Amino acid sequence: MSDKKATLALEGKDAIDLPIYSGTLGPDVIDVSALTGQGLFTYDPGFVSTAACKSNITFIDGGKGVLLHGGYPIDQLAEHSDFLETCWLLWYGELPTKDEKASFVANVSNHTMVHDQMTMFFRGFRRDAHPMAIMCGVVGALSAFYHDSLDIKNEKHRRISAIRLIAKMPTLAAMAYKYSTGQPFMYPRNDLGYAENFLHMMFGNPCENYKVSPVLAKAMDKIFLLHADHEQNASTSTVRLAGSTGANPFACISAGIAALWGPSHGGANEAVLDMLGEIGDVSNIDEYVARAKDKNDSFRLMGFGHRVYKNFDPRAKVMKQTADEVLAELGLENDPLLAIAKRLEQIALEDPYFIEKKLYPNVDFYSGIILKAIGIPTSMFTVIFALGRTPGWIAHWHEMISHPHKIGRPRQLYTGPAKRDYLALDKR
Ligand code: SDX
């Protein structure tokens, strides 16, 4: 508990003492739970100033552009770690030993295949269905296949569900892509690394022996890692809220996928590429920057700004470096979209509007350029984000379920009509 307190002085009422708690890092929080007993609610649309929970998983310092997973800075993890090791870190809070890592990687590999009945779900979609629509459906449907391990109070069931989700997201994502192309689904291969296996299932076909470029596999793994978790963002909060009702983990992750789809959140990477395509040429940038600054124009520079980062998103820095590496590897250094992106970034970092509003490039600004260079269609970009974010979602779900928690149930400031009697039809 805490000996620090805030005193809320209310006109005509006794002052209320509210406990203040301090975390390891970051701002103190004021526990306002006593307000309900005083007939009061807090009011914080968009939860801008609300800490919804305690968590040990990830810390963000938006002012300094710091992102830590289990205390480890994201740039160090991007440099030295890999996606599956980061999955372990998010769940256990510690980096795995050599043996733990080897056994986890093998366990994930052994769960990459999906029940063959799953292929039937895809047949029900139009070939041009948005892959995020497909992912919302098929990930939620996974719960139809695992009745033997859906007791969320059982830590072993929570663990196997997490492994199944981390293992099967690449398979389902690649199936969604293959379905759109009319090509046959590719089975996962247990002899390939995680990202290599994903690219194999995406771009391989039964008629030839497809060799995955190690540079592209490393870049893909880094993109997954950079998306792995980001504390209480909109989709993770959705997963926590769904999980607080006792819903099964597959349904909760499906809810997270739905929330991520929006262009203000994970859908921004797809929107960035659409925006760069619409701008078309460096010579048009000034017109679009002017539109982004115009209050009467709903246009926003996609890939810029962030609820928490009021500095460079540290993931964007790593992403930009990876973009340079991948484009150089592919001989695409002169990619016109990259030229527009770099010029846009430079203008935004010099323009008073963006400086004053602290609008920096975020994780979505460069990721799309890398994904496009790898050959992934724009419509699949948010699916890649969902695949990368799965370990974060499921770690937060596990953290909540494995501790005492209440069902999430916010209140409101009611501004509708006061009580009134029903008016008969002939009186209206
Ligand atoms: C992600 O929460 C997370 O952690 C998310 C994420 C994760 O890993 O989970 O980091 C992933 O979602 C990254 C963000 C991706 N979204 C985009 O790139 C879409 C473009 N960005 C904006 O829509 C916006 O910046 C948000 C939604 C990201 C953040 O919005 P906020 O915090 O609610 O801020 P706001 O909308 O109140 O904007 C503050 C001001 C406004 O101007 P004023 O009303 O104060 O005059 O900045 C302006 C906005 O108009 N502004 C922009 C802008 N973003 C904000 N103006 C032009 N272009 C932009 N991109």
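Both counts, for ligands and for their atoms, begin at 1 and track the order of listing. This one's a predicted model, so the numbers in the text were calculated from it and none came from an experiment.
- Looking only at atom types and distance, the side chain of His398 has a donor-acceptor partner in the side chain of Arg158 under 3.5 Å away.
- Every residue meeting the side chain to side chain donor-acceptor pair (under 3.5 Å) condition with Ser149, not counting sequence neighbours, appears here in chain and number order: Arg164.
- Nearest heavy-atom pair, Leu241 versus Gly408, reported as atom, atom and distance to 0.1 Å: CD1-CA, 3.4 Å.
- Applying the side chain to side chain donor-acceptor pair (under 3.5 Å) test to Lys293 and every residue at least two apart in sequence or in another chain returns Asp351.
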Contacts table for residues 90-99: side-chain donor-acceptor under 3.5 angstrom, sequence neighbours left out:
| unit_1 | atom_1 | unit_2 | atom_2 | d |
| --- | --- | --- | --- | --- |
| Tyr92 | OH | Arg159 | NE | 2.8 |
| Thr97 | OG1 | Glu100 | N | 3.1 |
| Thr97 | OG1 | Glu100 | OE1 | 3.3 |

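- Crowding of Tyr146 atom OH: a count of heavy atoms from other residues, nucleotides or ligands under 6.0 Å exceeding 12.
- Closer than 4.0 angstrom to ligand 1 lie heavy atoms from His230, Asn233, Pro263, Ser264, His265, Ala268, Ala292, Lys295, Arg300, Leu301, Met302, Gly303, Phe304, Gly305, His306, Arg307, Arg315, Tyr353, Lys357, Leu359, Asn362, Asp364, Phe385, Arg389.
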